[in-house]
Amino acid sequence: MPDLHLGLAGVGRIGAMHAANIATTAGVARLTLADVDAGRAGTVAASLTGGTAEVRATDGVESLLRSGIDGLVIASGTAAHPELIRAGVDAGIPVLCEKPVAPDVASSLPVLEHVAARGGVVRIGHQRRHDAGYREAKRAFDAGELGWLHAVRAVTCDAAPPPVAFIATSGGLFRDCSVHDFDVLRWITGREVVEVWARGSNNGDPEIGRVGDVDSALAVCTLDDGTLAVVTASRYNGAGHDVRLELQGSRGTLLVGMDDAMAVRSAEAGVSFPAGPAHTTFAERFAAAYRAEVAAFVALVEGTGEDDLCRPEDAVAASRVADAAQDSLVKGVPVQVEPLA
Ligand SMILES: NC(=O)c1ccc[n+]([C@@H]2O[C@H](COP(=O)([O-])OP(=O)(O)OC[C@H]3O[C@@H](n4cnc5c(N)ncnc54)[C@H](O)[C@@H]3O)[C@@H](O)[C@H]2O)c1
């Protein structure tokens, strides 16, 4: 197996986790970190001395790109994704960028054009595609074990909100959280969402409303074969970090996320399932999926593996549903989702 040198741009909340995963991924010999906050890059590098890769920090993205890296992972804030994707593509190296491609669909489309024009290899971090439960759901649906779907219910709830400063730049609850559900909805069913009707509420910290977001939301989605899906999200789920997908079909029903760490309790007498404790954060819930995603990117850089990472066109298609949900939320009416040209 070749010894790769990977670069990572952005080592905040999720970037620091990716750094730790990359530093212990087979095939990676060196990892170089860059962040606009150079001190943060140095601190994260210093904390990663026990892995299989040599980790060091550099003083910026330009020097990162000049350091001979074989692949670039981007975990900066969303606003910097377009410029960093372009920089990686222009350097001729494969890129794995955290979701989304850009803050909204309008600013994503020029990035897709640039990637296509340069023949760039870019994949987007939708880690649920690497989660064992979501993969089993796709396998079962594709195999016909569920029949046709009469109801899909997707849940993404944080136990507690992230800082309001992050929420202010997140694009809203649908673009930040539900976009994962919109992605798996398309990925598992192979259908397009054609209409979204969304509602939201603010019963938590009033600051979230003041920065223009809701803290809880619901979207009713209609797929192009008529299948109905309900996607719900909240920043205030005291029972824990709750991520579930229920596929209810004519032949069978399957629930992703139904294990002892599911953040619910039964109302039935004598039922002790789930035994707990519940998941508390996305990093914990998807720890194995994030590792599998990085391993898939390493395989892509090496030219091995099946390359089942999310394509940028699919990520933008999911963002298009999130944009429509946000639009519906603001306007109070159902919104049609225009297909990607
Ligand atoms: N897949 C998931 O489950 C998931 C979860 C959380 C966040 N995310 C995505 O990850 C990204 C980062 O989120 P976060 O919560 O870690 O944010 P964060 O604010 O904690 O960290 C972002 C980091 O990027 C750095 N940065 C900003 N601009 C940069 C640039 N031009 N070059 C290098 N570094 C730069 C910042 O200094 C900061 O350290 C967001 O796009 C978010 O949507 C994905």
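Counting convention: from 1, in listed order, for ligands and their atoms alike.
Those atoms of ligand 1 with a heavy atom of G10 less than 4.0 angstrom away are 24 (O), 33 (C), 34 (N). Listed by number with element, the atoms of ligand 1 under 4.0 angstrom from any heavy atom of H81 are 41 (O). If you number the atoms of ligand 1 from 1 as listed, the ones under 4.0 Å from a heavy atom of H180 come out as 1 (N), 2 (C), 3 (O).
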Requested in this report: Would you please test R235 and C177 for side chain to side chain contact (heavy atoms under 4.5 Å, CB included) and show each step?
Outcome: CA-CA 9 Å; R235 303 283 192 190; C177 292; 3.5 Å; yes

Report task. Begin with the C-alpha distance, continue with both residues' side-chain angles, and end with the deciding distance and a verdict on side chain to side chain donor-acceptor pair (under 3.5 Å) for R13 and T281. Result -> CA-CA 12 Å; R13 209 167 45 135; T281 63; over 6 Å; no

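At most 12 non-hydrogen atoms from other residues, nucleotides or ligands lie less than 6.0 angstrom from CZ of R199.
T32 and H5 share a side-chain donor-acceptor pair at under 3.5 Å. Using modelled atom types, one finds a donor on one side chain and an acceptor on the other under 3.5 Å when comparing R128 with T156.
Taking 4.0 Å as the cut-off, H126 does not count as a neighbour of ligand 1 on heavy-atom distance. Ligand 1 has at least one atom lying under 4.0 Å from a heavy atom of F166.
Among all non-hydrogen protein atoms, the one lying nearest atom 32 (N) of ligand 1 is V61 CG2, 3.6 Å. Shortest contact from atom 39 (O) of ligand 1 to any protein heavy atom: R40 NH1, 2.3 Å. Of the protein's heavy atoms, G77 N, 3.6 Å lies nearest to atom 22 (C) of ligand 1. The nearest protein atom to atom 14 (P) of ligand 1, hydrogens excluded, is given as R13 CB, 3.8 Å; this is a heavy-atom distance. Protein heavy atom at the shortest distance from atom 26 (N) of ligand 1 is V36 CG2, 3.6 Å. Looking from atom 43 (O) of ligand 1 to the surrounding protein, the closest heavy atom is K99 O, 3.0 Å. Ranking protein heavy atoms by distance to atom 2 (C) of ligand 1, first place goes to Y290 OH, 3.4 Å. In this structure, the protein non-hydrogen atom closest to atom 37 (O) of ligand 1 is D35 OD1, 2.5 Å.
The backbone N or O of P100 lies less than 3.5 Å from a partner atom in the side chain of H81, making a donor-acceptor pair. A side-chain donor-acceptor contact under 3.5 Å links T43 to the backbone of G39. Proximity of a side-chain donor or acceptor of Q248 to a complementary backbone N or O of A151 within less than 3.5 Å is not detected.
Taking each of E98, E293, R128 in turn, the one with a heavy atom nearest to atom 1 (N) of ligand 1 proves to be E98. Residue nearest to atom 24 (O) of ligand 1, selected from S76, A79, G171: S76 (by heavy-atom distance). The heavy atom nearest to atom 4 (C) of ligand 1, considering only I14, T169, T78, is found in I14.
Each of T78, D104, D323 was checked for a side chain to side chain donor-acceptor pair (under 3.5 Å) with R175, and the lone residue meeting it is D323.
Note that atom 19 (O) of ligand 1 has no protein non-hydrogen atoms nearby, at separations under 4.0 angstrom.
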